[in-house]
Amino acid sequence: MKIISSLLLLFSLLSFLQISPILAVKKSYVVYLGRNSHTSKPSTLGNDGMTESYYDLLGSCLKSKEKAKEAIFYLYTSHINGFAATLEDDEVDQLSNRPEVVSVFPNEVNQLHTTRSWEFLGLERNGQIPADSIWLKARFGEDVIIGNLDTGVWPESESFNDEGMGPIPTRWKGYCETNDGVKCNRKLIGARYFNKGYEAALGRPLDSSNNTARDTNGHGTHTLSTAGGRFVSGANFLGSAYGTAKGGSPNARVASYKVCWPGCYDADILAAFDAAIQDGVDILSISLGRALAIPYFRYGIAIGSFQAVKNGILVVCSAGNSGQFLSFGTTSNVAPWVLTVAASTIDREFPSNVVLGNNKEFKGTSFNTNNLSARKYYPIVYSVDAKVANASAQLAQLCYPESLNPTKVRGKIVYCLRGMIPDVEKSLVVAQAGGVGMILADQSAESSSMPQGFFVPTSIVSAIDGLSVLSYIYSTKSPVAYISGSTEIGKVVAPVMAFFSSTGPNEITPEILKPDITAPGVSILAAYTKAPRRLSRLIDQRPLSFNVISGTSMACPHVSGIAGLLKTMHPDWSPAAIKSAIMTTARTCSNARQPIVKASAAEATPFNYGSGHLRPNRAMDPGLVYDLTTTDYLNFLCSIGYNATQMSIFIEEPYACPPKNISLLNFNYPSITVPNLSGNVTLTRTLKNVGTPGLYTVRVKKPDGILVKVEPESLKFSKLNEEKTFKVMLKAMDNWFDSSYVFGGLTWSDGVHHVRSPIVVRKAVNPTLN
């Protein structure tokens, strides 16, 4: 009988499928057109001619202009030529075959990738600003305009107070979208949102709560205030990291472009780039990207940033938080026209130690607010032994919501394991059950942790130490413990590369070293949203004016802020010149005068930190720079084999590549990378004098197994903006058989300035390759 019923059910299902129409699946896409033939100048969104041409183009494929108007949700008509629309597969095919269409790519999602940090960078000392600080020289970034593509902004934050600021620069063309009570001022001069790409990817209309530039996530407020927040005294996170918060360019004007919702979609990102260029920003800070790199012509951030750089805007991007993976590069923002930032520590940490009743002490991390009463011991219980009757031991050991019995937890420190849900949520579970503290143990020896804002005093301990704590609990009749937290400043070796920071080599163009630079990105205090925040299953209702978080997202705006200062000091410098000044003045040693190391304590390499750690006061007077123009970037695209169709994504007019292909090794980048050295190779670089006249001589640190010769060995500069070219010959030693990457550097110096470039070389595995 069961078999007959099953056959009848199957027959009914097949009959239904045969008579039911198969609905085509609609997805959202970005349609990129060829050169903009409508006008030689950037148009506005009100340009009826361009708008109608887009509707006509899509309408010819959909057989209806009205359907085209319904399908298109973004028109890119200012500096990016194209539109975003919801399409079926066959419609994509039709569009792709049209001669005026360069590419059609999916609207894919990108990921969201400080009181002490500025002192660590040398801008202040003991709370005072020394006379040689770039802050004073650059007037704290006065009137430079920094734009931020992120999760929006909390406009009421004191970091965006406009007290004492003058009129908004007349070159500013942007505005403020005032939905949801968002108000701009002379500091926060722009706040806009872009959500049509998210809506299209979601496949249903968004409710009105999404029509706001307000930040309910916190990420965007944190990054924007790090780049350009004002001085705010008394800033702290739950009593920790107490001090004066400020951004890199405290007197800058800032503008927020909200492109991130649960994700950050290409269509929204491109719309924000188009708007920001038109609005008149000077610097763009982008703390988001893919998990891994993809080709430039398919990547919204690479396309949008090219247009920005073409218009004189420096674009600073985070490297990503994918960490190191074998020998593969994990950095996602690898285009040579962006400045890519890795993350490292500062000389501050927050130890939070566990002391057991047997006087054994285990080092953990947390914030100093997580002190229990000094030297007062509290009972300690393993969460599995304090679970409610209907909870599994697996969930209870993770302190999962509703897994703990308040009767067994009240007044005690709870021992839990990390995993499944956020650490902060576990502490909320313990607090709701009446616990007074939490010991959180790693489950893996490879795990890493950072201090967070827990709801009860907490210490995160290693997997091995966690087993020792658990052993004590089960071997003692009445186990007790206490947690002692503190803040240590100046005693910590730094910088150390963050374990999460994405690394090289560059998987798209190995000849371009990425990341470019490292900057503070661990435990950074900055402004935050006061909106409730969803954890996993629970809600964090605490209104936070400031928060301490970590990521390359936090490192990126440190560099954006410094770039703002450099733009104020040197308004005539190109984006490439500012980038070069930051890279060539970086340092590769810690405050202990030892090489920068990874989180594992192994020595770091340029694949971790690029040119080194940011040194703002040196960057304001680099002496020489490696400059690049839009033409250089276009020739770069020619060198990697882009055809006319792919080139037209980046340039409106047809571009004729040089008749003789330019070697990527001769691209005038501030670093030198030869990924497949066979025999010997000679490459060139050109330096521009942006300082006083002087005689520069070269000093070389040779990579292991590589002979390096520079000609000439000295360069004399007699006037400002004078350019000189030199050659570098690299040759692999005959007895050198190691095919892994090796590292060195060259430095040009006149005794005052030190212009340093890393050298990265790998001997060819296949000797026919070069």
Side-chain angles (χ1 to χ4, degrees), residues 238-239 350-443 449 451-486 535-538 540-542:
L238 304 175
F350 303 94
S352 182
N353 299 339
V354 176
V355 181
L356 303 179
N358 59 7
N359 289 324
K360 287 188 176 180
E361 185 171 352
F362 301 98
K363 184 177 180 179
T365 57
S366 192
F367 289 114
N368 66 340
T369 47
N370 286 351
N371 278 313
L372 290 172
S373 299
R375 293 289 171 179
K376 180 179 179 181
Y377 286 92
Y378 292 83
I380 180 172
V381 63
Y382 182 26
S383 56
V384 173
D385 298 328
K387 72 181 186 70
V388 294
N390 62 346
S392 68
Q394 288 77 14
L395 290 181
Q397 71 176 353
L398 298 170
C399 287
Y400 197 77
E402 301 178 358
S403 67
L404 301 182
N405 185 337
T407 303
K408 298 179 180 180
V409 168
R410 191 171 292 112
K412 298 178 181 177
I413 297 172
V414 181
Y415 175 91
C416 312
L417 296 182
R418 300 182 75 191
M420 189 178 288
I421 62 172
D423 295 344
V424 170
E425 189 162 8
K426 297 174 189 287
S427 71
L428 180 54
V429 172
V430 171
Q432 290 176 338
V436 298
M438 180 175 70
I439 299 171
L440 200 52
D442 281 321
Q443 296 196 58
S449 63
Q452 299 177 59
F454 296 105
F455 284 82
V456 293
T458 297
S459 180
I460 304 176
V461 298
S462 69
I464 294 174
D465 289 346
L467 291 175
S468 298
V469 173
L470 192 60
S471 175
Y472 166 75
I473 292 172
Y474 280 125
S475 64
T476 307
K477 184 177 180 181
S478 300
V480 293
Y482 75 85
I483 297 171
S484 175
S486 64
L535 299 171
S536 171
R537 298 190 47 160
L538 304 177
D540 185 347
Q541 299 282 0
R542 295 174 295 181

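Hydrogens, waters and symmetry mates are skipped; everything else that's a heavy atom, side chains included, is used.
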Is the backbone N or O of [Y] less than 3.5 Å from a side-chain atom of [X], with the two atoms forming a donor-acceptor pair by type?
X: Ser459; Y: Ser352; answer: yes
X: Lys363; Y: Ser462; answer: no
X: Lys426; Y: Gly419; answer: yes

Output every pair passing ring-ring contact (aromatic ring centres under 6.0 Å, His included) with a member in residues 403-426, not counting sequence neighbours, ordered by first then second residue.
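Of all non-adjacent pairs touching residues 403-426, those that pass ring-ring contact (aromatic ring centres under 6.0 Å, His included) are Tyr382-Tyr415.
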
What pairs of residues pass the ring-ring contact (aromatic ring centres under 6.0 Å, His included) test when at least one of them lies in residues 416-443, not counting sequence neighbours?
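Sorted result for residues 416-443: empty, none.
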
Under the side chain to side chain donor-acceptor pair (under 3.5 Å) test, which residues partner [X], sequence neighbours left out?
X: Asn358; answer: none
X: Tyr472; answer: none
X: Gln394; answer: none

Less than 4.5 Å apart, side chain to side chain, heavy atoms only: is that true for [X] and [Y]?
X: Leu404; Y: Gln432; result: no
X: Phe362; Y: Leu356; result: yes
X: Ile421; Y: Tyr400; result: yes
X: Arg418; Y: Ile460; result: yes
X: Val461; Y: Ser468; result: no
X: Val430; Y: Phe455; result: no

To the nearest 0.5 Å, tell me how far [X] [atom1] sits from [Y] [atom2].
X: Ile439; Y: Ser383; atom1: CD1; atom2: OG; answer: 11.0 Å
X: Thr458; Y: Leu440; atom1: OG1; atom2: CG; answer: 7.0 Å
X: Glu425; Y: Leu398; atom1: CD; atom2: CG; answer: 11.5 Å

Minimum heavy-atom distance [X]-[Y], with the two atoms named:
X: Ser403; Y: Cys399; value: OG-C, 3.8 Å
X: Gly435; Y: Val456; value: O-CG1, 3.6 Å
X: Ala391; Y: Lys387; value: O-NZ, 2.9 Å
X: Ile483; Y: Val354; value: CG1-CG2, 4.5 Å

Under the side-chain contact (heavy atoms from CB on, under 4.5 Å) rule, collect the residues that match up with Val381, sequence neighbours excluded.
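Scan of Val381 (side-chain contact (heavy atoms from CB on, under 4.5 Å), adjacent residues dropped) gives Asp385, Ala386, Lys412, Val414.
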
Starting from the C-alpha separation in whole Å, work towards a yes-or-no answer on side-chain contact (heavy atoms from CB on, under 4.5 Å) for Val436 and Ile413.
CA-CA 6 Å; Val436 298; Ile413 297 172; 4.2 Å; yes

